[in-house]
Structures are given as structure tokens and as C-alpha cells.
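The structure appears below as C-alpha cells.
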Amino acid sequence: MPGFKRAEVPEGARRDFNDALHDRHAVAGLPSVRKIAGKIGKGVISTGTIHRAFSSPDLPIWGNVELIAEALNEISGRECRSGVDQLQALWLKASKVPSVDEPSASGRSRAVQVIVLLIEWVNAPVLPFPTLATLRRFIDSTINGLCLRDLNLIRRDGNGETVLIFGAPEDGGAILLTSDVGAQVAKEITASLDALMGEFCRERNFISPFPQIRVFAHGGTALFDGVDYSGPVFETMEAHRFGITIQDGLVGDYPGVIAIVSGSVYRAECMQPSRSDAFSRWARAQESIGDSGPLDLWIRLPKR
């Protein structure tokens, strides 16, 4: 069986990554997209997405590449993680290069307001189902149903988490942190995950350990270079991500979604629960970590 068509990209990091992906496909015996999709799991990613990962000049998101690489490992009978890590190193280098269809960054970054959501399983190692594929499926469904309000969206899929970055468009048409737009985005994403997790848990009747997804939302000013975002807002978020408030808040109490938002995102009039919601109120906390300074946090409390 012939391999997939190779992406037409110039020499450099993107070609190195694409060549490595094709090499892994060859080592696995050149399996079809249907066989790869079957190994990943029904409904996780489409055969078209798999084919584009090999053949499109655009860099695929890492989450999809990781699933494809792990499926190729299974097909070839390999269980070594090092090959996936090597592929990720090449992907990270390629991700810093503008794609064929994107304008190169001019070197002049502009300041924009962003809302950043970190989404991850609280207790992935002890859960009796494929957590990575399940989380990606939940997030795909959530994004597809989201009203973006002309916001720019960048998605970063990691080894066990996904980061969604919503930035205001260049004309400043959506001021995220001085209006309810950011709060509404966080609310819609959390509500979608609530519904998906509720259905998932009812179908399986979990008792213990309870599956829990944590959503941590924070906002601030970032620099956008035309390709990606950077800036202190991410450093603050990373520092507090591993703090006691984030790590221990409501862990193990109930199956579902733990929602924690910073004061820059929280809007009481927008985020207060209705009678039909599965939570009762938001509780305020404050946490200081290192040099990042105190951060106001709001934790959503479930109904008892």
C-alpha cells in the first residue's frame, strides 16, 4: 500500500517534522487512515483530519499528532514513548515557523487582551477509560458549538491538558476584560463541558474514583506576533496552576467539572447560577505564589 502524499513545505523545521511523521507511518507498515482512526477510537478524530496531518502544509495540532503517533505505535507493536517525545520535539520547533499560508511575523508584536482556559483531568491516572482521547473529544464538541464573537482562538494540546486562548481581533471589536465577553466565553465552555460530562457519567454510573475535569480561566494582556501569544499572563497562570487552591479545590467531592476563574474573568451578574444549574454559587479565595503576586480566584460550588 502506498504511503500518504507528503506535504509541500520548504526545507526546515516543518519539513523535518512532516518527514518524521511519514517515517513513523512507514515503520508501522503504511496503515490506512481507517485503520489508524480505528486504533485511536471511534469518533475521536476523523479520517480527513488524519490524512491532513500527513499531507497538508499546515501544521496539525499536537493533540491529533500524539493520538496518531500512539496509534502507529500500537499497530507496529511498539510501546516506547520516546519516539512520540522525539516527534513532539520536532513539532515544537516547527510550531515556531509561520505556515505556508500565514504571513511571517514582522517582529512587531501588538498588545491584546486574552482569556486563557486550561482544561485537564484532575485524576487521569486512576480513571478506567482513555482520558486523553475523551478530553479531546469533549473539547472538539465544545469548540464546534461555541459562538466565538469574532474572537481569535488558538488551541494548544499538551500531554494531558488543553489550553484555549481567546484574543480580541485586531480592530479591538471585543474588549474581553472590560465587558462580559470573557466571562460569557468561560461560562459557555464550562456549561458545554458540564453537559458532556453529565451524559458521560450517567452512561457509565461511576462510583469511585469520580472523574473530574478542571477548568481554570484567567485573563490579562498578552503580546501577539501574528502567529501566537506570549506574555506574563501565561506565567501567572502557570505559577498558580500548581498552587493549593487550584490543585485541591473540590477534588474528589463529586463527578463533573471543577470551575475556577480569576478575578479578571469573573463577572457576578453574568456567571450566577440559574435554578436549573448543577451548582449553587461561587466562593472567593485569594492566593499568593512566589513573585506572581496575589490572585483573586472564584471557585464554583456544587449543589449538595
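Residues meeting the side chain to side chain contact (heavy atoms under 4.5 Å, CB included) test with P60, sequence neighbours left out: F17, A53, V65. Partners of R156 according to the salt bridge (charged side-chain N to carboxylate O under 4.0 Å, His left out) rule, which considers only residues two or more places apart in sequence or in another chain, are D228. Looking at residues two or more places apart in sequence or on another chain, you find a ring pair (Phe, Tyr, Trp, His ring centres under 6.0 Å) between Y229 and F224. Remark: D194 engages T190, V257, R300 in a side chain to side chain contact (heavy atoms under 4.5 Å, CB included) (not counting sequence neighbours). Scanning for salt bridge (charged side-chain N to carboxylate O under 4.0 Å, His left out) contacts around R204 gives an empty result, with sequence neighbours left out. Annotation: side-chain hydrogen bond (donor to acceptor under 3.5 Å, both in side chains) contacts of T49 (sequence neighbours excluded): S46, R52. For D157, the side-chain hydrogen bond (donor to acceptor under 3.5 Å, both in side chains) partners are R136, R155, T162, not counting sequence neighbours. Under the rule for a side-chain hydrogen bond (donor to acceptor under 3.5 Å, both in side chains), the partners of S192 that lie at least two apart in sequence or sit in another chain are T142. Contacts of R284 classified as salt bridge (charged side-chain N to carboxylate O under 4.0 Å, His left out), with partners at least two apart in sequence or in another chain: D296. Applying the side chain to side chain contact (heavy atoms under 4.5 Å, CB included) criterion to R6, with sequence neighbours excluded, gives N18, D19, H22, D23. Taking the side chain to side chain contact (heavy atoms under 4.5 Å, CB included) definition, one finds that E11 meets it with R15, sequence neighbours left out.
Using a 4.5 Å cut-off between side-chain heavy atoms of Ile, Leu, Val, Met, Phe, Trp and Tyr, with links allowed through other members, L196 and V185 fall into the same hydrophobic cluster. In the hydrophobic clustering of this structure, L135 groups with L153; members are Ile, Leu, Val, Met, Phe, Trp, Tyr whose side-chain heavy atoms approach within less than 4.5 Å, directly or through other members.
Side-chain atoms of E70 and L132, non-hydrogen and from C-beta on, do get closer than 4.5 Å to each other. A 4.5 Å side-chain heavy-atom check between W121 and Q212 finds every atom pair outside the cut-off. Taking the side chain as every heavy atom from C-beta outward, V233 and H218 approach each other to under 4.5 Å. Using a 4.5 Å cut-off on side-chain heavy atoms (C-beta onward), I258 and I213 make no contact.
The shortest non-hydrogen separation linking L67 to I40 is O-CG1, 3.7 Å. Between S55 and F4, the closest heavy-atom pair is OG-CB, 3.9 Å. Smallest separation of non-hydrogen atoms from I115 and G219: CD1-CA, 4.1 Å. Here the closest heavy-atom approach between residue F210 and residue N123 is recorded as O-ND2, 2.6 Å.
Identified under the salt bridge (charged side-chain N to carboxylate O under 4.0 Å, His left out) test for residues 119-128, with sequence neighbours left out: E120-R214, E120-R241.
Using bins of under 30°, 30° to 60° and over 60° for the plane-to-plane angle, the ring pair H25/F54 lands in the tilted bin.
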